[in-house]
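Report on the structure given below.
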Amino acid sequence: MTLRSQHTYTAVPTGVIPVPSASPPTLAPLVNAGTASAAAAVASSATWDTLRRQARQLENDIDGKLVQYSRIGNATPSGVSSYAGASRIGTPTHGFPGANAIELELEDLLKKLTSVVNQMSNCLDNMANSMAPNPSMMHHLQRHRDILFDYSKDFRKTKAHIAAMQDHAQLLGSVRHDVNSYKSSAGMNTQDYLLSERGRIDGTHHMADEILDNAYAMRADLHDQRGFLRQARGRMTGVLAQFPLVNNLISKINTRRRRDSLIMAGVISFCTCFLLWYFLSRFI
């Protein structure tokens, strides 16, 4: 009996001892986090591959369009004679056929490639947050950026070249138009040319006559005003001669005005000298 009781005594503690329940819950989040990070890495890798395929496709399309655009830019502009009429309306239309359409397509493709490269950069940043950065992916991203920069540079260069060629052709067309108009005008009748010149000279003479008439009228007005002023002066002199008291009064008023002016000048001078003396004696 004692042996059985011992056996039961030793068996009870094994059933009573609590099993720690904290260890399984702590392992579950770690497993879930690892699974989530692995899933995010797989999704980012798939997105990266898709974006890289899109970038390669766009680069191939841009390369082909740039070749066509460069051929158009290196070709001689056709229809130079049409620039003579187009120069007075706006931009030429027959200098580089198809250039505008390819230019719009290239601008659209470059915008798309820029968007894809930016998405690749964002994807690489997200992958760097969840796992160690991949040097190969960084190298591919830098390579796509360099290709985008080179394509943009070539596009701008070719576009500027085509614009310069269009301006050159437009200038040549306008010069040719001026030469043709001069040759056509040179065939006019000499008598008609002389008659037109005579009409211009007569018009100049008529204008000169009008200017001289206006000058003579202004001279007459000035002469009349001069006579009027002389008459007014003579009348004033006669009035002063007839009324000597008025003349004396005016002379006294002038004398008193000069005296007042001298007094005011003396007072102002004295005050100024006094102020200067006061400030000099105070601060020196």
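- At a threshold of 4.5 Å between non-hydrogen side-chain atoms, the residues Gln54 and Lys112 do not count as touching.
- Side-chain contact of Asp146 with Gln142: a donor-acceptor pair under 3.5 Å is present, judged by distance alone.
- Closest non-hydrogen pair, Ile62 versus Leu106, comes out as O-CD2, 3.9 Å.
- Arg230 has its side chain within reach of Arg226: a pair of non-hydrogen atoms, C-beta onward, lies under 4.5 Å apart.
- Side-chain atoms of Arg233 and Met236, non-hydrogen and from C-beta on, never get closer than 4.5 Å to each other.
- Considering OH of Tyr69 and OG1 of Thr158, their distance stands at 7.0 Å, rounded to 0.5 Å.
- Side chains of Ile147 and Arg143 form a contact here, defined as non-hydrogen atoms less than 4.5 Å apart.
- A salt bridge between Glu59 and Arg56 is absent, with no side-chain N of the basic residue lying under 4.0 Å from a carboxylate O of the acidic one.
- Side-chain contact between Asp150 and Phe155: absent, with no pair of heavy atoms (C-beta onward) separated by less than 4.5 Å.
- Using a 30° and 60° split on the angle between ring planes, Trp277 and Phe274 fall in the tilted class, from 30° to 60°.
- Linking ILVMFWY side-chain heavy atoms closer than 4.5 Å, directly or via other members, places Leu113 and Phe149 in two distinct hydrophobic clusters.
- Considering every non-hydrogen atom in both Cys123 and Leu51, the closest pair reads CB-CD1, 4.4 Å.
- In terms of heavy atoms, Ile102 sits closest to Lys65 at CG2-O, 3.8 Å.
- Counting heavy atoms from C-beta on, the side chains of Met137 and Arg52 never come closer than 4.5 Å.
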Q: Would you please test Glu107 and Lys159 for salt bridge (Lys or Arg N to Asp or Glu O under 4.0 Å) and show each step?
A: CA-CA 11 Å; Glu107 289 179 352; Lys159 183 179 179 181; 3.5 Å; yes
